[in-house]
Trainee: 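Dropping the structure in here first, questions after.
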Amino acid sequence: DFRLTRAYTLGELLDDTRKIRPTASHFYWLWRQSLRYEDELLHLETTECRQLTFDVRTGEVLNQSLAADGDTRCAVP
């Protein structure tokens, strides 16, 4: 049984929405391979390398940090 516990705008999850990566049909703001669920926690990493951990029961952000310097995935021209 799933239910929405909290909603966020992209402006709340990203420091700079200009770093969203557009394609012909949609856009990327999240590294898909970074999305994982474990022990009531949801972990993800945005395209600007912001790492977030959410409590799935409350929807609250428990932790946020930036990926290590030098991560080439995070460089936006």
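Computed from heavy atoms alone, side chains included, the values below leave out hydrogens, waters and symmetry copies.
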Trainee: Would you find a donor on one side and an acceptor on the other, under 3.5 Å apart, between the side chain of Trp31 and the backbone of Glu45?
Mentor: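 Not a single qualifying donor-acceptor pair exists.
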Trainee: Quick one: are His43 and Gln51 in side-chain contact, heavy atoms under 4.5 Å?
Mentor: no
Trainee: Side-chain contact, heavy-atom cut-off 4.5 Å: Leu42 with Leu35?
Mentor: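 Answer yes - side chains close enough.
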Trainee: Indicate yes or no: at least one non-hydrogen side-chain atom of Arg6 is less than 4.5 angstrom from one of Thr58.
Mentor: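 In short, these two side chains do not touch, never coming nearer than 4.5 Å.
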Trainee: State, with a plain yes or no, whether a side-chain heavy atom of Thr5 is found less than 4.5 Å away from one of Arg57.
Mentor: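 Of all side-chain heavy-atom pairs linking Arg57 with Thr5, none is under 4.5 Å.
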Trainee: To the nearest 0.5 Å, tell me how far Thr47 OG1 sits from Leu14 CG.
Mentor: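 Output value for this atom pair is 6.0 Å.
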Trainee: Going by heavy atoms in the side chains, are Asp15 and Glu48 under 4.5 Å from each other?
Mentor: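 The answer is yes; the side chains approach within 4.5 Å.
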Trainee: Rounded at 0.5 Å granularity, tell me how far CG in Asp55 sits from CG in Asn63.
Mentor: 12.5 Å
Trainee: I'd like to know if the side chain of Asp39 and the backbone of Leu41 have a donor-acceptor N/O pair within less than 3.5 Å.
Mentor: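 Between the backbone of Leu41 and the side chain of Asp39 there is no qualifying donor-acceptor contact (under 3.5 Å).
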Trainee: Pick out which of Thr46, Leu10, Leu30 makes a side-chain contact (heavy atoms from CB on, under 4.5 Å) with Ile20.
Mentor: Leu10
Trainee: What residues, two or more places apart in sequence or in another chain, satisfy salt bridge (charged side-chain N to carboxylate O under 4.0 Å, His left out) together with Glu38?
Mentor: Arg36
Trainee: Any chance you could measure Leu66, atom CG, to Cys49, atom SG, to the nearest 0.5 Å?
Mentor: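 Leu66 atom CG to Cys49 atom SG measures 8.0 Å (nearest 0.5 Å).
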Trainee: Enter the distance from Leu44:CG to Gln64:CD here, rounded to the nearest 0.5 Å.
Mentor: 10.5 Å
Trainee: Can you list every ring-ring contact (aromatic ring centres under 6.0 Å, His included) pair that touches residues 7-30, not counting sequence neighbours?
Mentor: Tyr8-Phe54, His26-Tyr28
